[in-house]
Amino acid sequence: MIDPFGREVNYLRISVTDRCDFRCVYCMSEDMTFLPKAEILSLEELERVCSTFVRMGVRKLRMTGGEPLVRRNIMWLFHALGRHLKTGDLDELTLTTNGSQLGRFAEELVEAGVRRVNVSLDTLNPDKFKAITRWGRFEQVMEGIAAARDAGLKIKINAVALKGVNDDELHDMVRWCGAGGYDLTFIEVMPMGDIGGETRLDQYLPLSMVRAELLKQWTLTDNDYNSGGPARYVDVAETGQRIGFITPMTHNFCEACNRVRLTCTGTLFMCLGQEDAADLRTPVRASAQDDLLEAAINEAIGRKPKGHDFIIDRRRGDSGVGRHMSVTGG
Ligand code: SAM
Ligand code: SF4
C-alpha cells in the first residue's frame with residue numbers, strides 16, 4: 001500500500017479497547033464515558049480486519065488501547081494473528097501496555113509469537129506513580145515487567161516527559177533501564193482529548209530539555225537505529241542501552257510515516273494528529289467477503305494526509321485533536 005506521498009504503509013496499530021484500568025492524568029479524565037458494546041468490533045471482526053491488512057501488505061501489528069490486556073479474551077486475538085508470523089506474512093506482532101496485566105499474560109504472549117513489548121512507565125516513585133496513573137498499582141506493574149523479562153520478552157519502557165513531575169528522575173530512569181537491559185523512549189505530551197482540570201501546557205516538557213539534562217551525566221551518541229517508528233535514538237555509553245526521543249511537538253517526523261491506526265469501533269485514522277478517518281465497520285458488517293473492506297482500505301490509504309500540526313503554546317493553548325489518545329492508542 002503506497003500513499004499519495006509515496007510512503008509505503010506497512011504498519012497497523014489497533015486500539016482493541018477504549019477502556020483502561022488506569023486513568024493517567026495526561027491521557028484521560030477521571031470520569032470517562034466509554035463506548036457501548038454494540039459499537040465495538042468483536043474479536044473475530046478485529047481479526048478479519050487485521051488479516052485483510054496483512055494480506056494487503058502490512059508487516060507489523062501493534063495492539064494498544066486503552067489497555068489492550070484488559071479486553072476480555074484478548075489472548076484469542078494474539079493467537080489468531082500469530083499464525084501470520086508462522087507463514088512469514090507478518091514480521092512482528094506486538095503491544096503497548098501499562099504493564100498491569102503482564103504478570104498474567106507474559107508467557108502466553110510469547111506462545112502467541114510476541115517477542116517485544118512496550119511498557120509505559122513514567123516514574124520509579126510509587127507515590128508519583130499513583131498521582132500520574134490515579135488508579136494504578138506500582139508494585140503490580142513492577143511484577144508485570146519482571147514476568148515479561150522472565151518470559152523472554154524484550155522490553156522497551158516508554159515515559160512521557162512531564163514538567164515538574166518526572167523531570168527530576170531522568171537519570172534514575174536511565175540507570176534503572178540500563179540495569180534491567182531495557183531500552184527507554186521519552187515522549188512529549190500531545191494535545192489529545194479533554195483531560196479535565198489540568199492543561200497540556202502545565203505538563204509539556206520539550207525533549208530538547210530532557211536531552212540537555214541527560215548530557216550532564218551520560219555519554220550519548222547519535223544512532224541511526226530505526227525501530228520503524230518516529231523515535232530518534234542515541235546510545236548510552238555507560239549502560240549500553242538505547243534511549244529514544246519522540247518529539248511530535250518540537251520536530252515533525254511525518255515524512256517517514258509508515259502507519260495507520262484502527263480504533264476498536266473499526267474507524268481507521270490515517271494520521272494521529274488529524275481528524276479525517278475512514279469507517280471500516282460498515283464494510284466489515286455489510287458482507288462476509290472482504291472486497292468491500294479492501295476497497296475501503298485502499299480508498300483510505302489514498303487520502304493519508306501529509307502530516308500533523310500539533311501546537312501547544314500560551315497564546316493558543318492546546319490545539320490538537322478532540323479525541324483521547326486511548327481512542328487510537330498513540
Ligand atoms: N494503556 C497502554 C499504555 O499506557 O501503554 C496503551 C495505550 S496508551 C494511550 C499508549 C501510550 O500513549 C502510552 O505510552 C501513554 O503514555 C501515551 N500517551 C497517552 N496520552 C498521551 C498524550 N496526551 N501525549 C503523549 N503521550 C500520551
Ligand atoms: Fe490507560 Fe495507557 Fe491512557 Fe494510562 S496512558 S490511561 S494506561 S490508556
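Read the numbers this way: they start at 1 and go in the same order the structure lists the ligands and their atoms.
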Residue pair Arg48, Glu44: steps toward the salt bridge (Lys or Arg N to Asp or Glu O under 4.0 Å) verdict: CA-CA 6 Å; Arg48 205 179 129 202; Glu44 290 77 6; over 6 Å; no

Stepwise side-chain contact (heavy atoms from CB on, under 4.5 Å) check, Leu170 with Gln217: CA-CA 10 Å; Leu170 303 174; Gln217 287 196 27; over 6 Å; no

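Residue Cys27 approaches ligand 1 through these ligand atoms, each under 4.0 Å from one of its heavy atoms: 19 (C), 20 (N). Near Met190, meaning under 4.0 Å from any of its heavy atoms, are these atoms of ligand 1: 22 (C), 23 (N), 24 (N), 25 (C). The Thr97 neighbourhood of ligand 1 comprises atoms 2 (C), 3 (C), 5 (O), with distances under 4.0 Å to a heavy atom of that residue. If you number the atoms of ligand 1 from 1 as listed, the ones under 4.0 Å from a heavy atom of Thr64 come out as 6 (C), 7 (C).
For the pair Asp168 and Lys128, the salt-bridge criterion is met [side-chain N within less than 4.0 Å of a carboxylate O]. Taking the charged nitrogens against the carboxylate oxygens, Asp91 and Lys60 have no contact shorter than 4.0 Å, which rules out a salt bridge.
Atoms of the protein (N, O or S only) found under 2.8 Å from atom 1 (Fe) of ligand 2 are Cys20 SG.
Thr133 pairs by the side-chain hydrogen bond (donor to acceptor under 3.5 Å, both in side chains) definition with nothing, not counting sequence neighbours. Considering only residues two or more places apart in sequence or on other chains, Phe22 meets the ring-ring contact (aromatic ring centres under 6.0 Å, His included) condition with Phe129.
A donor and an acceptor atom, one from each side chain of Asn166 and Asp122, are nowhere located under 3.5 Å apart.
If you chain together hydrophobic residues whose side chains sit under 4.5 Å apart, Leu85 and Met56 fall into the same group.
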Let me check something: any side-chain donor-acceptor pairs from residues 67-74 under 3.5 Å, sequence neighbours excluded? List them with distances.
unit_1 : atom_1 : unit_2 : atom_2 : d
Glu67  : OE1    : Thr97  : OG1    : 3.4
Glu67  : OE1    : Asn98  : N      : 2.7
Glu67  : OE1    : Asn98  : ND2    : 3.4
Glu67  : OE2    : Leu69  : N      : 3.2
Glu67  : OE2    : Thr97  : OG1    : 2.7
Arg71  : NH1    : Val16  : O      : 2.9
Arg71  : NH1    : Leu41  : O      : 3.2
Arg71  : NH2    : Leu41  : O      : 2.9

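Using a 4.0 Å cut-off between heavy atoms, Val160 contacts ligand 1 through its side chain alone, with no backbone atom that close.
Ligand 1 lies within reach of Gly66, whose nearest heavy atom is under 4.0 Å from it. Met28 does not count as a contact of ligand 1, since none of its heavy atoms falls under 4.0 Å from the ligand.
Within the 4.5 Å cutoff, the side chain of Glu111 has no heavy atoms near those of the Met75 side chain.
Summarising the contacts of atom 11 (C) of ligand 1 with Ser120, Ser15, Gly99, the nearest heavy atom is found in Ser120.
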